[in-house]
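See structure below.
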2 protein chains.
Amino acid sequence: MPETRWLDDEEQGTWRAYIWTNHLLWEALERQLQQDSGIPHAYYIMLVCLSESPDRTMTMTQLASVTQFSASRLSHAMARLEEKGWVRRIKHEEDRRTTMAKLTDEGFSALERAAPGHVDEVRRRVFDPLSREQIRQFHDILATILSGLEAAEESGTPTAEEPGTSAPE
Amino acid sequence: MPETRWLDDEEQGTWRAYIWTNHLLWEALERQLQQDSGIPHAYYIMLVCLSESPDRTMTMTQLASVTQFSASRLSHAMARLEEKGWVRRIKHEEDRRTTMAKLTDEGFSALERAAPGHVDEVRRRVFDPLSREQIRQFHDILATILSGLEAAEESGTPTAEEPGTSAPE
DNA sequence: GTAAGTCGGTTGAAATCTCAACCGCGTCGG
DNA sequence: CCGACGCGGTTGAGATTTCAACCGACTTAC
């Protein structure tokens, strides 16, 4: 790494805006969810993922992969959700190693209660202030960044420069 | 609030992309910083803020306000940074309530060591994949969202409708 | 069959963050 | 001057997250 290419003014400004937006937005969402439903956002995500899965069930590993949480974090969180009665863990019949996490009816209705407020907050904070055109641009920008990040996930930490090249595997 | 206005497909897609991007990006940055310098990103931000302040010094409250961390979080983190020798806390002479946080020379050079890798990561993950035009759009979008969030900060939780204050920095 | 290796998942301890209570200093009204 | 209140900041307990070690269940090679 010969020389650091520092961020120019425009990039710097954008980056700070990003950091800052993220920070405030996250806080607003977390607060809203916590106060209205007593659920941290991370748990909310897990419930959403389960609710959208067939039979409202997933293996721990699947859920970890979808949410990008560590196995450990998931396990602890699950224990917490199970205490609340929102989720039940069931041993898989065939492969006795794997555990199925199933959203209970109480869990589902907790989600139903929490969702409107959350969606409302997101809409108010993010989408209402943006024009339709901006939403489209935003989507494209995020998709672009995302594809680079996902490529990096699989193969070490490449320079996110190549479009199609597949990982060695 | 009569009926929930759910997100349409475009909004939903954008939102998920945002959540996901954020998550992966944050993890990538956190990991990079942690591994290369042993500093969590939150601490990095604090060091950066101090380093840019005159005399590399700020009161705790100023720092809390700039970083948007709670006083408590800041206090704990400061204790940690002080142990590392990167920061020193000094009682203010005139107003004995206030504490000045000062970045030490070791702190500054720790920052110097950490910065290039971090900037590099940000550039590679975020800006390199984007066109100049997209960066500009991104900036506008973030500024728009941000101004709503900041307006909400000050006055309860208004509907983010005011054109109001301009972005900071 | 059995020992080594891997996979799915859990556990406990340490680090961090949040929340509420707290302490000392300053200020203001009387 | 006196007491009440507000401000700057700290503290300790509780919740969450991470890290590393661990356990039992499958697989594979001998």
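Here is how names work: the chains are called A, B, and so on, in the same order as the sequence lines, proteins then strands, and each is numbered from 1.
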Atom CE of Met78(A) and atom C1' of dT17(D) are separated, to the nearest Å, by 16 Å
Answer with yes or no after comparing the ring centroid distance for Phe69(B) and His23(A) against a 6.0 Å cut-off, counting only values under it.
-> yes
Separation of dT18(D) atom P from Trp26(B) atom CH2, nearest Å, is 14 Å
Can Ile145(B) be reached from Ile135(B) by stepping across I, L, V, M, F, W or Y side chains whose heavy atoms are under 4.5 Å apart? yes
Would you call the rings of Tyr18(A) and Phe138(B) parallel, tilted or perpendicular if under 30° counts as parallel and over 60° as perpendicular?
tilted
- Under 3.5 Å, is there a donor-acceptor pair linking the side chains of Trp20(A) and Glu150(B)? yes
In whole angstroms, the gap separating C1' of dA15(D) from OH of Tyr43(A) amounts to 8 Å
Point to revise | Donor-acceptor pair under 3.5 Å, His76(A) side chain vs dT18(D) base | key: yes
Practice task
Can you label the angle between the His41(B) ring and the His118(B) ring as parallel, tilted or perpendicular, going by 30° and 60°?
Solution key: tilted
Against the side chain of Thr98(A), the closest entry in dC25(C), dT16(C), dG8(C) is dG8(C)
Taken to the nearest whole Å, CZ/Arg89(B) to P/dG24(C) is 17 Å
Exercise for review: Name the nucleic acid region contacted by Thr99(A), choosing base, sugar-phosphate or nothing; use a 4.0 angstrom heavy-atom cut-off, strictly under.
Suggested key: sugar-phosphate
* Asked: What about Ser72(A): does its side chain form a donor-acceptor pair under 3.5 Å with the base of dT11(C)?
  -> yes
Original post:
Touch check for Gln62(A), heavy atoms < 4.0 angstrom, all strands: base, sugar-phosphate only, or nothing?
Top reply: nothing
With the side chain defined as heavy atoms from C-beta on, Ser70(B) is closest, among dT16(C), dT17(D), dT18(C), to dT18(C)
Rounded to whole Å, the CG-P distance (Leu74(A) to dT16(D)) equals 14 Å
Between CD of Glu83(B) and C1' of dA14(C) the distance, given in whole Å, is 13 Å
When rounded to whole Å, the CD to P distance for the pair Glu82(B) and dT11(D) reads 10 Å
Please determine if a side-chain N or O atom of Arg80(B) lies less than 4.0 Å away from the OP1 or OP2 oxygen of dT16(C). yes
If only side-chain N and O atoms of Arg97(B) are considered, is one of them under 4.0 Å from the OP1 or OP2 phosphate oxygen of dT27(C)?
no
Whole-Å distance, Arg73(B) CZ to dG14(D) C1', equals 17 Å
Among dT16(D), dT16(C), dT10(C), the one nearest any side-chain atom of Met60(A) is dT10(C)
Ranking Gln34(A) and Lys91(A) by the position along DNA chain C of their nearest nucleotide, the one closer to 5' is Lys91(A)
